[in-house]
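Okay, structure first, notes after.
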Amino acid sequence: QVQLVESGGGLVQAGGSLRLSCAASGRTFSSHAMGWFRQAPGKEREFVAAIDWSGGSTLYAGSVKGRFAISRDNAKKMAYLQMNSLKPEDTAVYYCARDRRPLDTVLIDARDWYDYWGQGTQVTVSS
């Protein structure tokens, strides 16, 4: 069984930064890609970023590319999302999720490929 717990959300002014963390339990963290998604009120959950199992490959949504950075520490079973130059439109609940395919380096932005999800952490960016 895998459990994911996000932390690090909060209220920040536009232009500010936040770092989200995702703590994983279970033995298989290091063999699966991890992703971050977000969901704003009244909107569908959307892809933000993903990182492969080794940390050697990343994928970003166009709306965050150049501002956000995903990383991971397999020894600590942690994934991170560094968010810089935040905008009000980044306001959402942010979720980390595990790609269900082990040891695959092809990153996917579709929610259906992710099998375990955290409970989410709220990020609010004020203008």
Side-chain angles (χ1 to χ4, degrees):
Q1 188 73 3
V2 175
Q3 287 189 323
L4 302 174
V5 179
E6 302 94 336
S7 61
L11 174 64
V12 64
Q13 288 189 329
S17 298
L18 280 175
R19 188 194 194 205
L20 304 184
S21 298
C22 174
S25 65
R27 296 178 297 171
T28 60
F29 175 81
S30 61
S31 59
H32 289 257
M34 295 295 295
W36 285 94
F37 291 74
R38 66 186 182 187
Q39 188 167 18
K43 294 189 176 181
E44 298 255 331
R45 191 171 299 189
E46 64 174 4
F47 172 80
V48 175
I51 187 167
D52 77 347
W53 63 274
S54 70
S57 180
T58 57
L59 178 69
Y60 295 94
S63 58
V64 306
K65 198 168 186 178
R67 299 188 298 123
F68 290 12
I70 188 171
S71 60
R72 67 189 296 159
D73 185 332
N74 285 342
K76 295 182 178 179
K77 296 184 182 179
M78 297 289 295
Y80 305 99
L81 185 68
Q82 177 67 44
M83 305 186 296
N84 300 325
S85 302
L86 283 161
K87 305 175 182 180
E89 50 264 43
D90 294 318
T91 295
V93 177
Y94 283 71
Y95 300 88
C96 68
R98 191 191 80 161
D99 186 320
R100 67 186 188 201
R101 305 162 301 151
L103 299 176
D104 202 307
T105 57
V106 178
L107 296 171
I108 292 180
D109 60 2
R111 289 177 298 173
D112 289 348
W113 288 92
Y114 292 81
D115 55 358
Y116 289 97
W117 295 79
Q119 83 290 346
T121 185
Q122 176 70 47
V123 171
T124 303
V125 184
S126 63
S127 56

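Values below: every heavy atom of this structure, side chains too, minus hydrogens, waters and symmetry copies. Numbers for residues simply follow the sequence, beginning at 1. Just so it is clear, the model here is predicted, and its values are computed rather than measured.
Residues passing the salt bridge (charged side-chain N to carboxylate O under 4.0 Å, His left out) test with Arg111, sequence neighbours excluded: Glu44. Among residues two or more places apart in sequence or in another chain, the side-chain hydrogen bond (donor to acceptor under 3.5 Å, both in side chains) test is passed with Ser17 by Asn84. For Arg19, the side-chain contact (heavy atoms from CB on, under 4.5 Å) partners at least two apart in sequence or on another chain are Tyr80, Gln82. Listed by chain and residue number, nothing satisfies the salt bridge (charged side-chain N to carboxylate O under 4.0 Å, His left out) test with Arg45 (two or more places apart in sequence, or in another chain). Glu46 pairs by the side-chain hydrogen bond (donor to acceptor under 3.5 Å, both in side chains) definition with Arg38, not counting sequence neighbours. Listed by chain and residue number, nothing satisfies the salt bridge (charged side-chain N to carboxylate O under 4.0 Å, His left out) test with Asp73 (two or more places apart in sequence, or in another chain). Checked against side-chain contact (heavy atoms from CB on, under 4.5 Å), Thr105 has the following partners two or more places apart in sequence or in another chain: Asp52, Trp53. Under the rule for a side-chain contact (heavy atoms from CB on, under 4.5 Å), the partners of Ser126 that lie at least two apart in sequence or sit in another chain are Leu11, Gln13. When the side-chain hydrogen bond (donor to acceptor under 3.5 Å, both in side chains) test is applied to Asp109, no partner is found at least two apart in sequence or on another chain. Shown here are the ring pair (Phe, Tyr, Trp, His ring centres under 6.0 Å) partners of Trp117, two or more places apart in sequence or in another chain: Phe37.
Taking the side chain as every heavy atom from C-beta outward, Val125 and Glu89 never approach each other to under 4.5 Å. The shortest distance between side-chain heavy atoms of Leu107 and Ser57 falls below 4.5 Å. The closest side-chain heavy-atom distance from Tyr94 to Met83 is below 4.5 Å. Between Leu20 and Tyr95 the shortest side-chain heavy-atom distance does not fall below 4.5 Å. Counting heavy atoms from C-beta outward, Glu6 and Trp36 have side chains that approach closer than 4.5 Å. In this structure the side chain of Tyr116 reaches within 4.5 angstrom of the side chain of Gln1, judged on heavy atoms.
Here disulfide bond (SG atoms under 2.5 Å apart) pairs that include residues 67-127, with residues two or more places apart or in two chains, are Cys22-Cys96. Sorted by first and then second residue, the disulfide bond (SG atoms under 2.5 Å apart) pairs involving residues 56-95 (not counting sequence neighbours) form an empty list.
Judged by distance alone, with hydrogens and angles left aside, the side-chain atoms of Arg100 form a donor-acceptor pair with the main-chain N or O of Asp112 at under 3.5 Å.
With Val2 as reference, Arg98 is the one residue of Lys77, Arg98, Arg27 to meet the side-chain contact (heavy atoms from CB on, under 4.5 Å) rule.
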Is there a side-chain contact (heavy atoms from CB on, under 4.5 Å) between Phe29 and Met78 once you walk through the steps?
CA-CA 9 Å; Phe29 175 81; Met78 297 289 295; 5.6 Å; no

